[in-house]
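Just so it is clear, the model here is predicted, and its values are computed rather than measured. The residues of the chain are indexed from 1 along the displayed sequence. Computation of the quantities below employed the complete heavy-atom set of this structure, encompassing side-chain atoms and omitting hydrogens, waters and symmetry-equivalent molecules.
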Amino acid sequence: MRVTFTVNGRRHEADDVWEGESLLYVLRERMGLPGSKNACEQGECGSCTVRLDGDPVCACLVAAGQVEGREVVTVEGLPEYVRERDGGKESGSSEGAPRLAPVQQAFIDAGAVQCGFCTPGLLVAADELIERNPQPSDADIREALSGNLCRCTGYEKILDAVRLAAARTDSAPEVV
């Protein structure tokens, strides 16, 4: 079957998709987007987290046919997704560096990236949290990231990174 959907703001078609093929497989193997990681294939680790119509989901659990006509955002598309969401406002990286989403820069600045395998899923989940709740409590952060496992850290730097990203997010409405 052919599946047509939007990935990171661009329309894509995947041909000859078989009914049991996962969105994760299509993203990584057919579309060349390796950011979402293939770890557990059971939705337990969160390393394959993407946004499907704005909601974080484990791409390993989503059948490719379920995304027909829908919108997917991967970690590769996070900077552009955030720019569009924020009305084209640039943020994230220092001059000359590739533009990153604020949450991506915060993970770097807080030293929250170790081996990097869990990082893409954590970034997608953390960005969704901050969009939904610009000033999350520690309990909110823990809940939002509860589906993401990291074997390298004690999570404290990850929590620091999400706090930092939230603090850097200009969530105050503009006064005219």
Side-chain angles (χ1 to χ4, degrees), residues 1-88 91-93 98-108 112-133 141 143-153 158 161-162 165:
M1 85 174 125
R2 171 179 285 166
V3 180
T4 304
F5 60 111
T6 301
V7 181
N8 300 331
R10 293 179 185 84
R11 186 174 179 271
H12 287 274
E13 290 182 351
D15 290 321
D16 300 321
V17 174
W18 60 280
E19 56 205 37
E21 200 165 308
S22 71
L23 172 59
L24 178 62
Y25 183 86
V26 170
L27 292 171
R28 290 181 58 82
E29 305 303 327
R30 293 178 178 266
M31 296 186 173
L33 296 169
S36 302
K37 303 302 183 210
N38 185 4
C40 72
E41 295 185 5
Q42 297 176 5
E44 296 291 327
C45 72
S47 66
C48 66
T49 302
V50 297
R51 292 184 77 166
L52 178 59
D53 294 335
D55 296 322
V57 298
C58 291
C60 70
L61 296 181
V62 177
Q66 291 179 292
V67 301
E68 177 67 36
R70 297 174 79 183
E71 175 146 352
V72 174
V73 177
T74 68
V75 71
E76 291 94 342
L78 204 54
E80 184 61 28
Y81 177 80
V82 170
R83 265 192 299 284
E84 287 179 18
R85 176 180 75 206
D86 295 347
S91 62
S93 306
R99 290 294 182 191
L100 300 174
V103 71
Q104 291 172 311
Q105 189 62 52
F107 265 63
I108 292 168
V113 179
Q114 295 219 354
C115 82
F117 205 79
C118 66
T119 306
L122 286 163
L123 289 167
V124 171
D127 180 71
E128 188 276 337
L129 166 66
I130 294 168
E131 177 182 3
R132 179 173 38 86
N133 180 358
I141 296 169
E143 175 65 26
L145 302 184
S146 64
N148 298 78
L149 302 178
C150 176
R151 295 182 180 177
C152 298
T153 71
I158 293 168
V162 178

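- Listed here is the closest heavy atom pair of Arg11 and Thr4: NH2-CG2, 3.2 Å.
- Here the closest non-hydrogen pair linking Pro120 and Val75 is CB-CG1, 3.7 Å.
- Considering only residues two or more places apart in sequence or on other chains, Glu29 meets the side chain to side chain contact (heavy atoms under 4.5 Å, CB included) condition with Tyr25.
- Under the side chain to side chain contact (heavy atoms under 4.5 Å, CB included) criterion, Val3 pairs with Met1, Phe5, Val17, Val67, Glu68, not counting sequence neighbours.
- Rounded to the nearest 0.5 Å, atoms CG (Asp55) and CD (Glu128) are 6.5 Å apart.
- With hydrogens and angles disregarded, no donor-acceptor distance shorter than 3.5 Å links the side chain of Glu80 to the backbone of Gly77.
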When you look at Leu52 and Arg70, which way does the side chain to side chain contact (heavy atoms under 4.5 Å, CB included) test go after all the steps?
CA-CA 7 Å; Leu52 178 59; Arg70 297 174 79 183; 3.7 Å; yes
Can you list the steps and then say if Leu145 with Leu122 is a side chain to side chain contact (heavy atoms under 4.5 Å, CB included)?
CA-CA 7 Å; Leu145 302 184; Leu122 286 163; 4.1 Å; yes
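- Note: Phe107 CZ to Thr119 OG1 = 6.5 Å, rounded to the nearest 0.5 Å.
- Expressed to the nearest 0.5 Å, how far OG1 of Thr74 lies from CG of Leu24 amounts to 11.0 Å.
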One pair to check against side chain to side chain contact (heavy atoms under 4.5 Å, CB included): Glu21 and Arg30. What are the steps and the verdict?
CA-CA 11 Å; Glu21 200 165 308; Arg30 293 178 178 266; 2.5 Å; yes
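- Residues Pro34 and Glu76 are in side-chain contact: their nearest non-hydrogen atoms beyond the backbone lie under 4.5 Å apart.
- Within the model, atoms OG of Ser22 and CD of Glu41 stand 7.0 Å from one another, a figure rounded to the nearest 0.5 Å.
- Once rounded to the nearest 0.5 Å, the distance linking CZ of Arg28 with SG of Cys48 reads 10.0 Å.
- Within 6.0 Å of CD in Glu13 there are more than 12 heavy atoms belonging to other residues, nucleotides or ligands.
- Taking every heavy atom of both residues into account, Ala165 and Ile130 meet most closely at CB-CD1, 3.6 Å.
- By the 4.5 Å heavy-atom criterion applied to side chains, Asn148 and Ile158 are not counted as neighbours.
- Within the 4.5 Å cutoff, side-chain heavy atoms of Val57 are placed close to those of Val50.
- Evaluation of the side chain to side chain contact (heavy atoms under 4.5 Å, CB included) rule for Asp127 yields Arg51, Leu78, Tyr81, Val82, Arg85, Val103 as partners, not counting sequence neighbours.
- Between Cys150 and Thr153, the shortest heavy-atom contact is SG-OG1, 3.3 Å.
- Residue Leu23 holds its CG atom at 11.0 Å from SG of Cys58, rounded to the nearest 0.5 Å.
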Could you walk me through whether Val72 and Val62 pass side chain to side chain contact (heavy atoms under 4.5 Å, CB included), step by step?
CA-CA 11 Å; Val72 174; Val62 177; over 6 Å; no
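- For Ser47 against Cys118, the heavy-atom pair with the smallest separation is CB-CA, 4.4 Å.
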